[in-house]
Amino acid sequence: MDFNLTDDRRMLADTLSRFIQDQYTIESRNEAANSAIGYSQDLWSQYAELGVIGALFDEENGGFGGKGFDLAVVFENLGRGLVCEPFLDNAILAGGTLAAAGNDAQKAIIEDIIAGSKTATFAHFEPRSRYSLQKVETTAVATDDGWTLNGAKAVVRFIDTADYVIVSARTSNGVNDKDGISLFLLDTASVNLNVNSYNTVAGGRAGEVTLNNLTVSKDALIGEVGQAHDVLEKVVGAGIVALCAEALGVMEAAKEQTVDYIQTRKQFGVPIGKFQALQHRMADILIEIEQVRSAVINAAAALEKEDRVERERALSAAKYTVGHVGQKIAEETIQIHGGIGMAWELPLGHYAKRLVMIDHELGDEDYHLGRYISLGKTLSPTSDQ
Amino acid sequence: MDFNLTDDRRMLADTLSRFIQDQYTIESRNEAANSAIGYSQDLWSQYAELGVIGALFDEENGGFGGKGFDLAVVFENLGRGLVCEPFLDNAILAGGTLAAAGNDAQKAIIEDIIAGSKTATFAHFEPRSRYSLQKVETTAVATDDGWTLNGAKAVVRFIDTADYVIVSARTSNGVNDKDGISLFLLDTASVNLNVNSYNTVAGGRAGEVTLNNLTVSKDALIGEVGQAHDVLEKVVGAGIVALCAEALGVMEAAKEQTVDYIQTRKQFGVPIGKFQALQHRMADILIEIEQVRSAVINAAAALEKEDRVERERALSAAKYTVGHVGQKIAEETIQIHGGIGMAWELPLGHYAKRLVMIDHELGDEDYHLGRYISLGKTLSPTSDQ
Amino acid sequence: MDLNFTSSELAFRDEVRAFLDTKLPKRLSEMVRNGQRLSKADQEEWHAILNEKGWLANHWPKEHGGTGWTAVEKFIFENECALAHAPRVLPFGLSMLGPVLIKYGNDQQKSYWLPRILNGQDWWCQGYSEPGAGSDLAALKTTAVRDGDDYIINGQKTWTTQGQHANMIFCLVRTSKEGKKQEGISFILVDMTTPGIEVRPIKTIDGGFEVNEVFFSDVRVPAENLVGEENKGWTCAKYLLTYERTNIAGVGFSVAALEKLKAIAADQQANEGRLIDDPQFAARLAKVEIELENMKTTNLRVIAAVAGGGVPGAESSMLKVKGTEIRQEITSLTRRAVGSYALPYNPPAFEEGFNGPHIGPDYAAPTAKSYFNNRKLSIFGGSNEIQKNIISKMILGL
Amino acid sequence: MDLNFTSSELAFRDEVRAFLDTKLPKRLSEMVRNGQRLSKADQEEWHAILNEKGWLANHWPKEHGGTGWTAVEKFIFENECALAHAPRVLPFGLSMLGPVLIKYGNDQQKSYWLPRILNGQDWWCQGYSEPGAGSDLAALKTTAVRDGDDYIINGQKTWTTQGQHANMIFCLVRTSKEGKKQEGISFILVDMTTPGIEVRPIKTIDGGFEVNEVFFSDVRVPAENLVGEENKGWTCAKYLLTYERTNIAGVGFSVAALEKLKAIAADQQANEGRLIDDPQFAARLAKVEIELENMKTTNLRVIAAVAGGGVPGAESSMLKVKGTEIRQEITSLTRRAVGSYALPYNPPAFEEGFNGPHIGPDYAAPTAKSYFNNRKLSIFGGSNEIQKNIISKMILGL
């Protein structure tokens with residue numbers, strides 16, 4: 001049992017932490033996050049140069065990490081800095097899909113992703129699928145030359161600037177079946193996507209994608225026909241570790257900002273941090289964050305496990321914990337700040353917004369609590385530690 | 001809209017409140033509550049003389065009350081005094097059943113109940129029925145002379161001293177059907193009940209009743225064969241109003257005891273009531289109790305309503321609220337007291353125990369939340385106030 | 001004990017409903033229902049409609065142009081307005097300054113300012129909080145120094161809601177530094193067009209502009225604008241803050257918002273069937289609905305106590321805390337209900353007459369904005385922590 | 001980052017398991033599992049078995065007869081004992097007094113008292129809290145006045161757990177009233193058979209007798225029983241209170257209790273199907289299970305930090321608060337799970353060898369008693385409020 005990071009990871013964390021601290025002010029972050037493309041392409045190149053993107057892929061795919069704890073280290077730091085650049089959808093979800101199921105030609109794109117020269121995104125969820133992995137209404141019908149896609153994809157992150165988009169579609173079975181889902185790699189420059197794009201509440205850009213008799217070639221298929229569900233579960237699992245670690249970093253920062261504030265803000269002649277009711281609420285926040293940290297560690301450790309139930313339960317437990325605690329901390333840190341916590345000018349509110357919005361990505365606390373319960377039904381009532 | 005009690009009810013409340021204050025010390029209450037019969041027969045006679053039992057029945061049945069608000073007024077005061085005498089099972093549930101469905105001969109017993117000369121009890125719930133009204137495994141089979149009963153009844157309150165017991169049994173249909181339940185009135189002196197009796201956690205006596213080929217005469221039947229469900233719902237509804245009002249009284253008393261304690265108890269040189277963390281927790285308790293009071297008012301007002309969904313939703317809402325808030329207040333008032341809150345010698349712990357145990361009678365908070373949701377499914381999504 | 005309205009109260013409710021039915025412009029109620037931003041003109045339009053009916057100043061006695069309504073009638077009116085998605089009546093002139101002028105103003109002040117509130121000539125805002133004086137209001141530092149027939153005001157106010165639209169502001173200012181901090185405060189009326197006043201909008205986390213900072217540099221105000229005695233302004237301030245607020249629990253808003261939430265949850269699909277039937281979501285919904293059912297009665301009880309001659313005082317703190325918790329929980333569930341469609345941020349959809357394509361379902365657009373904006377409910381108007389201090393001291397005696 | 005135990009740690013765990021498998025009497029583990037009351041003899045029996053193996057004093061260094069285990073080994077041992085339903089090792093002599101004597105006792109005290117703790121000759125209890133000194137321990141008033149070679153003790157201690165079985169008590173007493181209240185306190189060992197000592201049991205709300213009041217009237221104690229310097233007892237007291245407590249979170253107890261709860265919920269019938277499948281109950285169960293999974297890792301992280309040379313200090317406050325919340329929630333759900341069978345109060349079922357008829361299912365009897373008894377977890381051993389004060393000051397710097 002060893003809770004220390006490896007030297008490599010510690011060095012990466014230190015480098016990344018320093019870089020973020022140097023590069024971002026809340027103003028420059030907000031400007032990039034709310035810009036027409038939703039992030040800073042300049043910073044993105046720098047992240048690539050620093051090797052941060054490479055840390056999210058394993059050696060086989062040209063990276064030097066890719067394990068649960070690599071993701072956790074990077075994303076916790078991204079969260080602390082409220083970084084809005086497209087790490088999750090581009091590297092973890094789209095890149096992860098290529099790494100997991102792509103053929104050699106498709107995997108070649110990973111190199112460009114790691115280098116920062118190309119970005120990809122992940123168009124799986126749909127207007128009526130909520131957080132379900134298997135509910136896919138978009139269809140792909142085989143033609144002589146390839147496939148014809150019809151359907152709609154919801155809230156596809158950074159679609160405006162993506163060079164590639166990975167689209168899931170049903171090639172057989174019913175709307176809610178695990179079987180029969182396939183994945184396709186589209187080059188956004190060469191297909192005519194119908195996109196209605198917009199900024200998002202906590203920064204970053206996204207769009208609604210409509211596929212209207214869109215034809216793609218045979219070689220767009222990723223992996224085996226109809227067998228995408230397990231790939232989706234795998235990359236979304238990695239996405240959950242990433243998001244949970246990001247949330248942990250956001251919470252840490254929000255806590256520190258709040259502690260700083262109540263140490264200096266005076267009411268009735270004393271710093272409000274001297275009021276016991278606030279002290280106890282801050283102590284609760286600290287305790288909850290430590291539980292979140294443990295949940296992230298559990299999820300990161302579980303990510304490479306073979307046993308599906310054990311792995312997916314740890315992932316759902318973490319996402320549930322993050323959703324549940326995240327809302328509490330967002331609300332409490334604003335409330336403890338009082339009026340100033342509502343001001344756009346302060347970093348705090350933006351951290352709070354990100355924390356709440358993380359619960360709307362890859363399944364919220366209710367979804368993952370339900371999933372944790374369902375997965376548990378396959379276990380005997382007795383569990384070993 | 002008038003939230004004042006009628007003069008009659010106010011007078012009753014004042015009389016009852018004074019009587020309880022004069023008669024009970026925590027020691028005498030505990031002695032009676034934990035005695036071999038679980039209450040004081042002497043006090044019971046005095047309650048009868050005061051007319052408190054009569055207030056729980058309407059004029060048609062020889063009483064002078066019987067409405068939701070009559071029950072609420074009486075039981076709130078009983079709760080404040082942590083009264084352990086058999087008001088609920090004897091008067092509200094058993095007496096209420098006779099009033100609702102008994103024939104003239106059976107109703108004649110109500111006079112004795114009001115006079116305090118006889119007591120009855122209510123044997124409906126079963127070892128495997130949990131809180132369900134309709135799950136009845138006990139059977140009654142018609143014979144030439146009457147009925148033969150087989151089955152088991154769980155936690156029948158004050159069965160040791162009851163002169164009568166009302167037993168529900170299935171005369172047709174499946175174990176979980178609303179139809180096919182019948183009620184029987186048994187004279188405990190003339191039937192050979194198999195009873196394993198015991199004291200209960202928050203005072204009062206109860207017992208497990210086994211019916212083993214017990215034969216009863218034809219005239220034991222209460223109401224129509226197989227039509228008991230609505231009667232049960234009606235009397236249990238009244239029981240819910242009574243229990244909720246009792247809980248309100250218990251909460252009020254526990255709150256007052258806690259306020260008194262923290263005003264005098266000093267730590268670090270000041271009364272602990274000066275610590276803001278405790279102040280805010282006490283303010284939360286006060287707010288929750290006011291919500292409980294409103295829930296009790298809503299339930300009492302709903303009790304006589306014709307519209308089943310509206311009535312039963314108000315009842316389930318109140319029992320849910322009482323269960324939810326009750327546990328919180330029991331735990332918080334003990335915690336705020338600290339070590340002394342754990343001492344048998346203080347009244348507080350006994351109030352806390354009663355509060356928690358009320359959630360185990362007539363359906364707990366989960367049961368009633370589920371019931372509230374189910375009942376709501378029959379409504380359109382738009383509700384008027 | 002009778003929970004039903006009396007027949008005359010019911011008749012009044014019907015009258016209010018009929019009025020809202022015919023006089024509340026559909027354009028405005030649709031904007032409110034859709035969570036869209038109301039302009040100054042929109043709000044003035046609604047004020048004028050109410051004033052024409054004589055129902056604008058429902059907290060004032062009849063002799064000053066108010067309705068003279070009972071607490072129950074006020075509650076019914078405000079509740080029905082919320083249910084009908086009427087715009088909010090701005091409280092600054094009507095519920096805050098008006099009662100203070102009526103109680104503490106001199107005849108000239110009453111006869112000049114009150115009619116102007118009713119007819120919309122003045123748009124008032126509130127100059128109470130300062131950067132260093134929030135919960136601890138009496139710590140305020142803005143000074144007013146007597147100079148001949150004028151006061152010279154210097155300092156800064158903050159969290160001034162709708163101040164960007166206002167031409168008048170009522171302020172608490174420090175006129176003396178002697179004695180306890182409450183003792184040197186005065187209550188004064190200031191024309192915002194006076195030289196030396198600068199209004200800077202504060203952008204809030206939801207991206208909106210509702211509150212402002214107001215800076216005073218040597219602002220010259222006629223001494224006749226002082227309300228009540230010099231250095232006795234704290235009395236006015238307290239009166240204003242504890243002034244009977246029948247609608248502080250916002251029950252009507254919650255009922256309207258809960259209805260909308262249920263409609264959304266019935267439309268959204270969960271894993272198996274509708275979201276409204278999902279066990280976890282249904283439990284959340286039922287819990288807040290039960291809280292609201294209880295709160296309706298709690299609110300009516302407090303009102304009945306007022307109607308019976310009692311003074312709500314600390315009881316309104318109870319309504320504030322629980323009422324805002326309920327409102328916030330409903331906005332939180334509404335955000336939760338729309339799933340990933342809480343993420344898009346589409347400001348045009350917040351504006352009247354938005355015709356562009358909706359992102360996801362049409363009800364999704366304001367959900368996140370409304371959730372974050374409504375965090376203010378437990379902060380402004382005396383934070384819930386301050387309310388708990390009041391409950392602890394005034395009711396519990398701690 | 002590696003969450004798995006090392007191979008030597010795993011080997012150790014297997015050794016502990018094998019030991020428990022063969023040496024823990026079934027009679028005792030059944031009593032623990034069924035929530036029955038252990039007598040003094042039962043507890044002494046288990047102590048003797050552990051002492052024979054050399055595993056009784058797992059907080060002591062080897063030279064004094066302890067195990068010399070690492071923090072991880074201690075955790076593994078305590079966790080495995082809880083999972084196997086072993087009786088609790090009483091902490092008063094072993095985890096509290098022992099470390100204080102080892103650090104502050106003189107050679108004679110060490111060589112005399114430590115072996116007696118191990119071989120069971122002494123049963124210690126703790127004389128810390130007083131009626132007026134609970135959370136504010138330093139306010140204690142019990143006095144010890146020097147009289148020749150003795151001290152004369154007068155005063156009262158309370159909440160003395162298992163004091164009715166003890167022959168020895170270690171006390172904090174006031175030997176000086178000068179200076180700060182912490183400064184005049186001394187740490188002294190008292191033979192409970194000394195004339196002038198009276199032990200009165202305190203009945204707790206669950207009907208049990210675990211705690212006591214201890215009265216001192218002119219109790220004469222040899223001055224050689226003073227540990228450390230006169231008036232420096234606060235140092236010993238603090239050392240004892242913050243002494244590394246690897247098992248303060250009670251994870252092993254929670255795991256064992258959660259397993260039992262799941263078995264009960266699988267046996268109980270809800271409205272539709274098993275209770276364990278009821279949506280509301282399943283959600284409650286899953287929430288506490290997830291908290292516990294998180295807490296396992298939180299606990300191990302703190303232990304790893306200790307093993308790496310860190311001192312837990314305030315971190316153990318975190319474990320205490322969350323650990324007791326989890327334990328209490330599990331007992332609460334267990335009570336909830338049995339429905340109306342939480343009501344019967346049947347003391348014979350709490351005693352060993354109970355053969356009478358069970359009331360309802362056999363697991364129901366101790367559920368309510370255990371729920372109420374375990375309210376103590378968040379009160380005793382430094383209330384959770386005190387722990388939050390510590391977190392706030394020591395970690396957050398407030």
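Below, chain A is the first sequence line, B the second, and so on; all start at residue 1.
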Between D:I379 and B:G338, what is the shortest heavy-atom contact and its length? CG2-C, 3.5 Å
Counting only non-hydrogen atoms closer than 4.5 Å, does B:L348 touch chain D with its backbone (N, CA, C, O), its side chain (CB onward), both, or neither? neither
Can you tell me how far the CZ atom of D:F281 sits from the CG atom of B:D364, to the nearest 0.5 Å? 9.0 Å
Tell me the residues of residues 31-39 of chain B whose non-hydrogen atoms fall below 4.5 Å from those of chain D, in number order. none
So, the part of B:R205 with a heavy atom under 4.5 Å from chain D: the answer is neither
Please classify the contact between B:Y367 and chain D as side chain, backbone, both or neither, with a heavy-atom cut-off of under 4.5 Å. side chain
Kindly compute the distance separating CZ (B:R128) from CD (D:Q269), expressed to the nearest 0.5 Å. 9.0 Å
Under 4.5 Å from any heavy atom of chain D, what part of B:A277 do you find: side chain, backbone, both or neither? neither
With a 3.5 Å distance limit and no angle check, can you tell me whether B:Q335 reaches the backbone of D:S378 through a side-chain donor-acceptor pair? yes
Which residues pass the ring pair (Phe, Tyr, Trp, His ring centres under 6.0 Å) test with B:Y261, sequence neighbours left out? B:H337
Between B:A154 and D:Y341 the two heavy atoms that sit nearest each other are CB-OH, 3.1 Å
Do D:R336 and B:E365 have side chains that approach each other closer than 4.5 Å (heavy atoms only, starting at C-beta)? yes
Non-hydrogen atoms of chain B under 4.5 Å away: do they reach the side chain of D:A139, the backbone, both or neither? neither
Is there side-chain contact between D:T204 and B:W344, with heavy atoms separated by less than 4.5 Å? no
Is it the side chain or the backbone of D:Q268 that comes within 4.5 Å of chain B heavy atoms, both, or neither? side chain
Expected output: side-chain B:K353 to main-chain D:I205 donor-acceptor under 3.5 Å: yes
Is there a side-chain contact between D:N271 and B:R130 (heavy atoms, below 4.5 Å)? no
Say whether, by atom type as modelled, one donor and one acceptor occur between the side chain of D:D136 and the main chain of B:Q267 under 3.5 angstrom. no
Taking D:E385 first and then B:R281, would you say they form a salt bridge - that is, a charged N and a carboxylate O separated by under 4.0 Å? yes
Counting heavy-atom pairs under 4.5 angstrom with chain D, the leader among B:H350, B:R265, B:E361 is B:R265
Pick from B:I334, B:N196, B:V201: which one has the most heavy-atom pairs with chain D under 4.5 Å? B:V201
Under 4.5 Å heavy-atom distance to chain D, tell me which part of B:Q134 shows up: side chain, backbone, both or neither. neither
With heavy-atom distances below 4.5 Å as the criterion, would you say the side chains of D:T158 and B:I340 are in contact? no
Taking the side chain as everything from C-beta on, heavy atoms only, tell me whether D:I202 gets closer than 4.5 Å to B:E345. no
Top residue by heavy-atom pair count (under 4.5 Å) with chain D, among B:G349, B:P127, B:G204? B:P127
Between chain B and each of D:G134, D:G360, D:G207, count heavy-atom pairs under 4.5 Å; write down the option with the most. D:G134
By a 4.5 Å heavy-atom criterion (distance strictly below it), what part of B:A352 contacts chain D: side chain, backbone, both, or neither? backbone
Whatever's closer than 4.5 Å to a heavy atom in chain B on D:L343 counts as both
Heavy-atom contact with chain D under 4.5 Å, split by part of B:F268: both
Can you say whether D:A337 sits under 4.5 Å from chain B via the side chain, the backbone, both, or neither, judging by heavy atoms? backbone
Could you go step by step and tell me if D:I359 and B:E208 meet the side-chain contact (heavy atoms from CB on, under 4.5 Å) rule? CA-CA 7 Å; D:I359 299 164; B:E208 301 299 288; 3.9 Å; yes
Could you check whether B:H360 and D:R335, counting side-chain N and O atoms only, form a donor-acceptor pair closer than 3.5 Å? yes
D:S332 versus B:Q327, side-chain donor and acceptor atoms under 3.5 Å: yes
Can you tell me which portion of B:A206 sits under 4.5 Å from chain D's heavy atoms? Options are side chain, backbone, both or neither. neither
Atom OG of B:S374 and atom CD of D:E272: how far apart are they, to the nearest 0.5 Å? 7.5 Å
Is it true that D:R375 and B:E331 make a salt bridge, defined as a side-chain N closer than 4.0 Å to a carboxylate O? yes
Roughly how far, to the nearest 0.5 Å, is the OG1 atom of B:T200 from the OH atom of D:Y345? 11.0 Å
Can you tell which part of D:P131 gets under 4.5 Å to a heavy atom of chain B, answering side chain, backbone, both or neither? backbone
Please classify the contact between D:K181 and chain B as side chain, backbone, both or neither, with a heavy-atom cut-off of under 4.5 Å. side chain
In terms of heavy-atom proximity below 4.5 Å to chain B, should D:R284 be classed as side chain, backbone, both, or neither? side chain
Measure distances from D:A133 to the heavy atoms of chain B and classify the residue's part below 4.5 Å as side chain, backbone, both or neither. backbone
Answer with side chain, backbone, both or neither: which region of D:S129 has an atom nearer than 4.5 Å to a non-hydrogen atom of chain B? neither
Given heavy-atom pairs under 4.5 angstrom as the criterion, report whether the side chain, backbone, both or neither of D:F372 touches chain B. both
